[in-house]
K.L.:
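Have a look at the structure that comes next, please.
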Amino acid sequence: MAKLLPAKTKYRKVHKGRNRHNAKGGTELTFGDFGIQALERGLMTASQLEAARVAINRHLKRKGKMWTRVFPQKPVTKKPAETRMGKGKGGVEFWAAVIRPGNILFEVSGVSLTIAREAMRLADAKVPFGCRLVVRDEYA
């Protein structure tokens, strides 16, 4: 599959920025009945996002439906190894999604709680921060 990155951006490179506070939006289940919610902050690379998506889809085996709620739209740059200081900012190395505590990463519906729990556990192993399963009120 093609790499996950924005089709077009206003600027090629962005500042590092600071990842503070909790998520402002995207903290509630919108589409599915079960979801995986970030408990810590960090960057989730496009390859980590893809690995988690594949893990969920492999476990669901074409049953139910899955939604991805985050997208890698921050370019992360890196200078080559053993390069002297100066000479400008490095090239774009990978794309990442900025994750804050409370962000819903994936949602699933159309499957039982046990299948969804196992699928989200597999996805949790692929992401670089702690997550938890969230369930819609009707299923709690």
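Residues take their numbers from the sequence shown, with the count starting at 1.
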K.L.:
Taking atom CG of L113 and atom CE of M120, what is their separation to the nearest 0.5 Å?
P.N.:
10.5 Å

K.L.:
Hey, is NZ on K78 packed in by over 12 heavy atoms from elsewhere, all under 6.0 Å?
P.N.:
no

K.L.:
Can you check whether K65 reaches V108 side chain to side chain, under 4.5 Å on heavy atoms?
P.N.:
no

K.L.:
Would you check, one step at a time, whether the test side chain to side chain contact (heavy atoms under 4.5 Å, CB included) holds for Q37 with R132?
P.N.:
CA-CA 5 Å; Q37 185 177 42; R132 70 172 184 171; 2.7 Å; yes

K.L.:
Decide yes or no on side chain to side chain contact (heavy atoms under 4.5 Å, CB included) for R53 and F106, but give the supporting numbers first.
P.N.:
CA-CA 8 Å; R53 186 192 69 80; F106 296 98; 4.1 Å; yes

K.L.:
Decide yes or no for R41 and N22: does some side-chain heavy atom of the first lie under 4.5 Å from some side-chain heavy atom of the second?
P.N.:
yes

K.L.:
Nearest 0.5 Å, what's the CE-CZ distance between M66 and F31?
P.N.:
12.0 Å

K.L.:
Run L49 and T68 through side chain to side chain contact (heavy atoms under 4.5 Å, CB included) and show every step you take.
P.N.:
CA-CA 9 Å; L49 191 68; T68 304; 4.3 Å; yes

K.L.:
Please give me the minimum heavy-atom distance between A119 and L60, naming the atom from each residue.
P.N.:
CB-CD2, 4.3 Å

K.L.:
Is there a path of hydrophobic side-chain contacts, each under 4.5 Å between heavy atoms, that joins L4 and M44?
P.N.:
yes

K.L.:
Would you say the side chain of E40 lies within less than 4.5 Å of the side chain of P101, judging by non-hydrogen atoms?
P.N.:
no

K.L.:
Could you tell me whether the side chain of T9 and the main chain of R12 form a donor-acceptor pair under 3.5 Å?
P.N.:
no

K.L.:
If you round to the nearest 0.5 Å, how far is CD1 of I115 from CD1 of I56?
P.N.:
13.5 Å

K.L.:
Can you name the closest pair of heavy atoms from K79 and K87 and give their distance?
P.N.:
NZ-C, 4.2 Å

K.L.:
On a heavy-atom basis, which atom in C131 and which in A38 lie closest, and how many Å separate them?
P.N.:
SG-CA, 4.1 Å

K.L.:
Does the side chain of L5 come within less than 4.5 Å of P72's, by heavy atoms?
P.N.:
no

K.L.:
Could you list all the salt bridge (charged side-chain N to carboxylate O under 4.0 Å, His left out) pairs where at least one residue sits in residues 20-31, not counting sequence neighbours?
P.N.:
none

K.L.:
By the side-chain hydrogen bond (donor to acceptor under 3.5 Å, both in side chains) test, which pairs, at least two apart or in different chains, include something from residues 89-103?
P.N.:
N19-R100

K.L.:
Determine whether L133 and D124 make a side-chain contact, defined as any pair of heavy atoms from C-beta on separated by less than 4.5 Å.
P.N.:
no

K.L.:
Hey, are the side chains of Y11 and P75 touching, using non-hydrogen atoms and a 4.5 Å cut-off?
P.N.:
no

K.L.:
Taking the side chain as every heavy atom from C-beta outward, state whether F71 and P6 have any pair of such atoms under 4.5 Å apart.
P.N.:
yes

K.L.:
Mind checking whether L122 and V111 sit in one hydrophobic cluster, side chains of I, L, V, M, F, W, Y counted as touching below 4.5 Å?
P.N.:
no

K.L.:
Treat each ILVMFWY residue as a node, draw an edge where side-chain heavy atoms are under 4.5 Å apart, and state whether V127 and V98 are in one component.
P.N.:
no

K.L.:
Are side-chain heavy atoms of I99 and L105 found at a separation under 4.5 Å?
P.N.:
yes

K.L.:
For residues 110-119, which residue pairs qualify under side-chain hydrogen bond (donor to acceptor under 3.5 Å, both in side chains), counting only residues two or more places apart or in two chains?
P.N.:
S112-T114, E118-R121

K.L.:
Do you reckon F34 sits in the same ILVMFWY cluster as W67, going by side-chain contacts under 4.5 Å, direct or chained?
P.N.:
no

K.L.:
NZ/K16 to CG/L43 distance, rounded to the nearest 0.5 angstrom?
P.N.:
9.5 Å

K.L.:
Check the surroundings of atom NZ in K126: do more than 12 heavy atoms from other residues, nucleotides or ligands lie under 6.0 Å from it?
P.N.:
no

K.L.:
Is a side-chain donor-acceptor pair under 3.5 Å present for R69 with T30?
P.N.:
yes

K.L.:
One pair to check against side chain to side chain contact (heavy atoms under 4.5 Å, CB included): I36 and V134. What are the steps and the verdict?
P.N.:
CA-CA 6 Å; I36 184 170; V134 286; over 6 Å; no

K.L.:
Is there a donor-acceptor pair closer than 3.5 Å between any side-chain N or O of K74 and the backbone N or O of H15?
P.N.:
yes

